[in-house]
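Throughout, residue positions are numbered sequentially from 1 according to the sequence presented. Computed from a predicted model, the values in this text were never measured in an experiment.
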Amino acid sequence: MTVMLAARAQEGSDTLQINKIVIPEPGPHDVLVKVASAGLAPAMMTLLARGAFRHLPTTVGHEAAGTIAAVGSEVDSVTPGTRVRVHPNLNCRTCGYCLSDRDMMCPQQAMIGHAAFGDAPMPLYDSYHDGGLAEYTRVPHWLVDPLPDHVSFDIGAKIHDLANAVRALKRADLPLGATLVVTAATGTMGTAVVKLAPISGCPT
């Protein structure tokens with residue numbers, strides 16, 4: 001049995017613990033990522049206290065990037081040694097929302113290493129709730145994107161949040177010179193909106 005270190009949230013605890021746990025084995029459609037960079041949201045402990053985690057203990061961290069260490073028997077999209085970033089969003093990929101680029105509305109929507117919201121059954125989250133603050137993480141193969149050599153693992157782990165900021169600014173469609181008020185200019189997404197606003201035509 002091969003073990004690894006992981007940052008774990010525990011039932012009845014308001015702090016994270018570093019535990020030794022078994023390195024997960026990839027299933028037929030999974031990849032095992034050797035994590036090089038990972039992060040979590042500042043409000044993670046608040047969500048933990050509110051009971052938003054369906055499975056405890058669990059490994060936290062919805063932001064992760066690293067190198068493919070192993071692949072399942074049915075995976076041919078990536079190979080061991082490939083640099084990747086992990087997309088944290090779990091969804092069914094077959095409902096009307098998923099098929100119309102609105103996967104955040106999918107009843108199955110949840111994030112690895114993060115809380116799950118809604119009352120619907122979430123079989124994917126049940127299987128893949130463990131996140132990236134560990135030496136290795138196991139995810140479905142469709143949740144990894146190849147990371148170019150010139151993009152660092154640190155940036156790769158944060159691309160999910162950066163993309164949210166870009167999408168928010170695109171959807172706002174502000175006129176040139178508009179004033180933008182960011183009410184939560186903390187964390188990766190809020191900071192990214194502030195930094196990217198001038199590119200969208202908002203003066204600094």
(message) With a 4.5 Å cut-off on side-chain heavy atoms, are H141 and D30 touching?
(response) no
(message) What I'd like to find out is whether the side chain of V31 reaches to under 4.5 Å of the side chain of V75, using heavy atoms alone.
(response) yes
(request) Keeping the roles fixed (side chain from R83, backbone from L147), state whether a donor-acceptor pair exists under 3.5 Å. (result) yes
(request) Determine, stepwise, if the pair N89 / Q109 fulfils side-chain contact (heavy atoms from CB on, under 4.5 Å). (result) CA-CA 7 Å; N89 289 76; Q109 208 286 319; 2.4 Å; yes
(message) Would you say that Y97 contacts D103 through its side chain, given a criterion of any heavy-atom pair below 4.5 Å between the two side chains?
(response) no
Name each donor-acceptor pair under 3.5 Å that joins a side chain in residues 160-176 to protein atoms two or more places apart or in another chain, with its distance.
none

(request) Could you walk me through whether V86 and H62 pass the side-chain contact (heavy atoms from CB on, under 4.5 Å) test, one step at a time? (result) CA-CA 8 Å; V86 177; H62 67 287; over 6 Å; no
(message) Counting C-beta onward and ignoring hydrogens, is there a side-chain heavy-atom pair between P80 and V71 closer than 4.5 Å?
(response) yes
(request) May I ask you to check whether H55 and Y125 place their ring centers less than 6.0 Å from one another? (result) yes
(message) Test question: given the 4.5 Å side-chain rule for I, L, V, M, F, W and Y, name all other residues clustered with I23, or answer none.
(response) M4, I21, L32, Y136
(request) Using side chain to side chain contact (heavy atoms under 4.5 Å, CB included) as the criterion, point out the one residue from V60, T59, T58 that pairs with H129. (result) T58
(request) Can you establish whether the number of heavy atoms outside Q17 located under 6.0 Å from its atom CD is more than 12? (result) yes
(message) Closer than 4.0 angstrom, basic N to acidic O: yes or no for K158 and E63?
(response) yes
(request) Compare all side-chain heavy atoms of T15 with those of Q10 and state whether any distance is below 4.5 angstrom. (result) no
(request) Examine Y128 and L133 and state if one hydrophobic cluster contains both, with Ile, Leu, Val, Met, Phe, Trp and Tyr joined whenever side-chain heavy atoms are less than 4.5 Å apart. (result) yes
(message) Between Q108 (side chain only) and P121 (backbone N and O only), is there a donor and an acceptor less than 3.5 Å apart?
(response) yes
(message) Does any part of the side chain of R85, heavy atoms only, come nearer than 4.5 Å to the side chain of V144, both counted from C-beta?
(response) no
(message) Checking one residue: M104. Which other hydrophobic residues are in its cluster under the side-chain 4.5 Å linking rule?
(response) none
(message) Closer than 4.0 angstrom, basic N to acidic O: yes or no for R8 and D130?
(response) yes
(request) Find out if a path of hydrophobic residues (ILVMFWY) with successive side-chain heavy-atom gaps under 4.5 Å connects L5 to V35. (result) no
